[in-house]
Number of protein chains: 2
Amino acid sequence: MGQLRRVSACESVVEYIKNGIIDGRLKPGDRLPSEQRLSELLGVSRGTLREAFKKLQLMGVVAVKQGEGTFVTKVSPGAMMRSLSPMLLMDHSSILELIEARKIIEAETASLCCLRASPAEIEEIEAILKAMTECSNLDLEHFDELDIEFHMRLAKAAKNRVLLRILETLRDLLFEQIREVLKDPEGATRACKYHRQIYSALVDRDPKLAKRHMLAHLKNVEDTLVQMLLHEKPIES
Amino acid sequence: MGQLRRVSACESVVEYIKNGIIDGRLKPGDRLPSEQRLSELLGVSRGTLREAFKKLQLMGVVAVKQGEGTFVTKVSPGAMMRSLSPMLLMDHSSILELIEARKIIEAETASLCCLRASPAEIEEIEAILKAMTECSNLDLEHFDELDIEFHMRLAKAAKNRVLLRILETLRDLLFEQIREVLKDPEGATRACKYHRQIYSALVDRDPKLAKRHMLAHLKNVEDTLVQMLLHEKPIES
DNA sequence: AATAATACAATCATCAGATCATTGGAGGAC
DNA sequence: GTCCTCCAATGATCTGATGATTGTATTATT
């Protein structure tokens, strides 16, 4: 009997690593022992260990690099964005739900950002804004990255890791859609304008204004996206 | 050297399954071929296949059941929010961040609920509220379940699957804390009062009022929790 | 005939031992 | 000092096996 819970070996390994980080035995940047050694150490097979790593990878706890090893990830700035989950079998309605969620959360983080951002963080955001402005005229290539970076810095300066994590996930899910919007030079110009307004409110430490501008910005993105979705139906694989 | 991207075998399998769902070859509830057969079919080893399944599992795309097989699950846009909880939930500050996130999101869902809830949904919510009122005097046992049910019905009636999924995750992470608050009879009574106010606003279809009451409710929970955290320090492992 | 107990087959969970591919660094050629 | 080659460490993948769990067909019992 006793089917209460037979913990899988894989899950045990995940817990082991997680606890190691929690109690400080493992720190961000640390390299774990090789698969060979760790599997012997924990008494599980390499296959099981790799499944656990796969899970930890997806949770963003570790990063695996062939030829180098497996590392505890630091909570670094938006360094590794692409690696996360793609997964887009979304219909239009779910895209709209994603955007609605983003509007709600990001409007609030913009507001919190006004209250909590350090001067250094504001400077960093300014630098990104500057790069975006210069970028928008010539190089649309990296504009989308800067756009996302702007939003993520804002969210980070809001000092709430839960909201940040949620926005990171939403960002990944909406990444392709955002790119499409920004491919249009006019869309990029508009985005710049909104970003400047948000930044201005941030400098003035005006939460309500920042919230309003962010909402206007995302509403604009939403409208553009709706237009695009109405005219193009294909969902590229 | 064309190191542009060497797609890993694991990732190929993930794409294969995902595309199968997108183009309708695989439908929710379908059982995939056994690991043995599928690995031969796709030309990868079973270990690789299992790593891919691990990832798909975490993405909420498939469910693996020992002795039965691997099944395609019904996939929702909120499915990806699952991995929010890696190592969070360890110190007090992260609990407060969780509550802050909950305040922001749930206040907005209460508002949306006023705009979108069907009469039938409002009736269901009323029934839960009634049960809570009766319950609070005698049976504190199931009161917490009803409390959570109330909030979840509200979120569901807001008709946004992404926000719903986020709140489900936050609920799981905060569950123990919520229980503690409601153990106090006075806390339960207060909760009832707030719930009635929120429900009243819902009946009147007054989004702003509902939002305000929800915020007041969660602020109260937050305050109670802060008090508790100040007096008890233990962090159970 | 209906029901309970058993045996069996399918399937996932895990293990053990290999080979291939990639990375970083050591050491030599210039 | 700089560049190149080679090699050891490590992850990526493969192969083949055994244990654990589930559903079902079979049998025994009433």
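Quick note on labels: first sequence line is chain A, next is B, and so on, each numbered from 1. Side-chain atoms are counted along with the backbone in the values below, which use heavy atoms only and exclude waters and symmetry mates.
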| Touch class at under 4.0 angstrom, heavy-atom based, for G69(A) against every strand present | sugar-phosphate
| field | Nucleotide dA12(D), atom P - distance to NZ of K54(B) in whole Å | value | 17 Å
| request: Could you tell me which non-hydrogen atom of T109(A) sits nearest to which non-hydrogen atom of A155(A), and how far apart they are? | output: CB-CA, 4.4 Å
| query | Between dA12(D) atom C1' and Q36(A) atom CD, what is the distance in whole Å? | reply | 14 Å
| request: Let me know the distance between CZ of F53(B) and P of dT11(C), rounded to the nearest Å. | output: 12 Å
| query | Given atom CG of L38(B) and atom P of dA13(C), what is their separation to the nearest angstrom? | reply | 14 Å
| Is the phosphate of dG11(D), meaning OP1 or OP2, less than 4.0 Å from a side-chain N or O of T70(A)? | yes
| query | Which of these nucleotides, dT14(C), dT13(D), dT11(C), is closest to any side-chain atom of R31(B)? | reply | dT11(C)
| message | Whole angstroms only, please: what is the CZ-P distance between R50(B) and dT11(C)? | response | 15 Å
| Whole angstrom value for the distance that separates P of dT22(D) from NZ of K65(B) | 11 Å
| message | To the closest 0.5 Å, what do you measure between NZ (K18(B)) and CD (E11(B))? | response | 7.5 Å
| query | Salt bridge or not for R116(B) and E100(A), using N-O below 4.0 Å? | reply | yes
| Nearest-Å distance, CD (E35(B)) to P (dA20(D))? | 17 Å
| field | Of E68(A) and L49(A), the one whose closest DNA chain C nucleotide lies more 5' | value | L49(A)
| So, R50(A) side chain and E35(A) main chain: donor-acceptor pair closer than 3.5 Å or not? | no
| request: Applying side-chain contact (heavy atoms from CB on, under 4.5 Å) between M214(A) and each of H151(A), K103(A), H195(A), E108(A), report the one that passes. | output: H151(A)
| said: On the nucleotide dT14(C), are OP1 or OP2 found under 4.0 Å from the side-chain N or O atoms that R46(B) carries? | reply: no
| said: Any side-chain N or O of S45(A) below 4.0 angstrom from OP1/OP2 of dT14(C)? | reply: no
| query | If only side-chain N and O atoms of T48(B) are considered, is one of them under 4.0 Å from the OP1 or OP2 phosphate oxygen of dC14(D)? | reply | yes
| Expressed in angstrom and rounded to an integer, what is the separation of Q66(B) atom CD from dA9(C) atom P? | 19 Å
